[in-house]
Amino acid sequence: MAETRKTIDPAVVELLQVAKNKGISTPFDRAEVTKPCPIGRDGSCCRQCFMGPCRLVGKTLVGVCGATQETVQARNMARMIAAGAASHNDHSRNMILALLAVGEGKAPGFEIKDEKKLRKVAGYFGIKADGKGKEELAVEVAKAALAEFSTRESGELAYLKRATPKRQALWRKLGMAPRGIDREVVETLHRTHMGTDQDAEHLLDQALRCALSDGWGGSMIATDISDILFGTPGPTAAAGNYGVLKEDEVNIVIHGHEPTLAEMMVVAVVEKEALELARAKGAKGINLVGMCCSGNELLMRHGVPIMGNFLQQELGIATGAIEAMVVDYQCIMQGIQAAAEHTHTKIITVSPKAHITGAIAMDFEEPNALEIARKIVRLAIDNYPNRKDVHIPDIMDRVVVGFSHEYIAYMQGGVYRESFRPLNDAIMQGRIRGAAGVVGCNNAQVVHDEAITNVIKELIHNDVLVVTTGCNAVTCAKQGLLTPEVMDYAGPGLREVCAAIGIPPVLHMGSCVDNTRILTVLTQMATEGGLGEDIDDLPAVGIAPEWMSEKALCIGAYFAASGAHVIFGVGSPVANSPAVAKMMTAGWEAKCGGSLEFIEDWRRIVARALELIDGKRKALRLEEYDPQRYALKGNYMPGDALPFEEYARGSYSLAKK
Ligand code: NFS
């Protein structure tokens, strides 16, 4: 069947047929006709000025200006990273402005939910919190955070101090410490303008500094402020996949990245008046569900079920069961509007930064957020009687989500003795082989959810503890990987540790911005002792099996600059320049201890990840990992656990392609 090759998610397969019958176009169909331009895909198209675009292929090895393949590839990469950083950082600014509005009493409905965290964050900015009320402190913290965006008087971002002393010293030595969040993005755009920076390595150094302004700047601040305003997540039970839509209730989908209006939607859907109105229109209630990263934010703080990930937007509309899809910004397919025109679904944009032609724009600011949320709920309820032809796949998985770095420390010793000792010890003993952050998007050019699912199943089977965020985490939710039961698929050592600490082997850590929680966890592990002194000593890797966005590249780059080895699937955007690819692997490793490489095949990704983890174990002089050491005879047979086989376990190797 052709459809099954597009995805491994049976609910998606089911809805692809429904969409086809209704004449709704999806990214799965569009990817079949819109094949990537091979020149641009491989990084060899330079469109920085209007003498071109120059295509550096065949006999044409330089552009009209004389730019070489290396310069063009590095420049393209730097620009993509800058766009990714800009997206996260501008999101961060929104979160800071929300905190400011709350502190100033200009945001009715919002409050400071985690005062302890506010006080901690004040400390990072050198603000004395003692004796100050939370609103007063919120204003001071917000102003200090905003000041991080231009050029810092101190010369570098305040949050860099949250890295290990060794890492901070290295960044300073390399001239890689970001000087201001906006400044690094602007400088990257300047340096990649025609005729400016023309040395590939030098351009990539700036790309790393720019990426760090996201990882240890914008995104890290955004995560902190989301926790301050909306609460720091702890384990929460919920559900995922299209089955979370309800046949007899008003369904409202929250999609995008900004949790602010989304939080007000949580309030507005349970208001008595709204429920009464819904009942008057014949619905049994109002059902709020999430998608992508706004969905992840609601999922881990409120247990709001998650409908799907990046490639599933139009198919959600094809169910005919969604009264309103509320979108803020980033990763929103323009195709949802065209899809909505085939059904009764209303698309509502809520960010003044992101409108869609044909959709209803309801721009919100903090002062009117609750009011807008109520309007949206009303509009959705009024739309309920317009439903026709509803098809909701009866497919849903249970999940446990919401493992913030605070919670991960807490669960290893409680309030008085929180630490990373149990995890570090388990790694040192070889019970846990290492850790992997498996994160990132879906990509319509590869089989939806396949690489993510297989990589994670293989890793936990090999005693690698996995943390996940973003659309990747939603894949895990839909594949049953976010449940304690998945322990049955984990290697015996990992399983033992998970049972002892009381965690599943795959930990949902939030949205993509929350990848910074992983930076914090890695830093805490490095500081705890026994596993070296810095992130580049740890047996840990980052993987984005199905990446597509510029934000993903930026995340990969800031992890590399923080000392982590990172592997991306799908394909390489620097494929036509082995020299640039080498700068990002061996070159970055020599500088920062981390690297960013691209490997298409998921089996090879797993093999490479294990090779990197074992390499770090060896460098730390830890005992060699032995999969049998903790196996209980008669109780566990390595290799027979996963039901999902399409390949012979253990048969993948780097030599094979
Ligand atoms: Ni991350 Fe979230 Fe998804 Fe990718 Fe897009 S929604 S921020 S970029 S596609 S994970």
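Remember, it's 1-based here, ligands and their atoms both numbered in the order they're listed. We're numbering straight along the sequence, starting at 1. Worth saying up front: this structure is predicted, and the values here are computed from it rather than measured.
Salt-bridge check for Arg603 with Glu458: failed, with every basic side-chain N at 4.0 Å or more from each acidic carboxylate O. With respect to Glu258 and Lys353, no salt bridge is recorded, no charged nitrogen being found less than 4.0 Å from a carboxylate O.
Taking all atoms of both residues into account, the shortest heavy-atom contact from Val439 to Ile518 is CG1-CD1, 4.1 Å.
Ala145 meets the side-chain contact (heavy atoms from CB on, under 4.5 Å) test with Ile96, Phe125, Ile221; sequence neighbours excluded.
Under a cut-off of 6.0 angstrom, the local environment of CZ in Arg30 is crowded, with over 12 non-hydrogen atoms contributed by other residues, nucleotides or ligands.
Near-neighbour remark for atom 5 (Fe) of ligand 1: protein N, O or S atoms under 2.8 Å are Cys331 SG; waters not counted.
Taking every non-hydrogen atom of Gly440 and a distance limit under 4.0 Å, the qualifying atoms of ligand 1 come out as 10 (S).
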Please report the C-alpha distance between Val326 and Met362 in whole Å, then the side-chain angles of each, then the deciding distance to 0.1 Å, and finally whether the side chain to side chain contact (heavy atoms under 4.5 Å, CB included) criterion is met. CA-CA 10 Å; Val326 183; Met362 289 198 190; over 6 Å; no
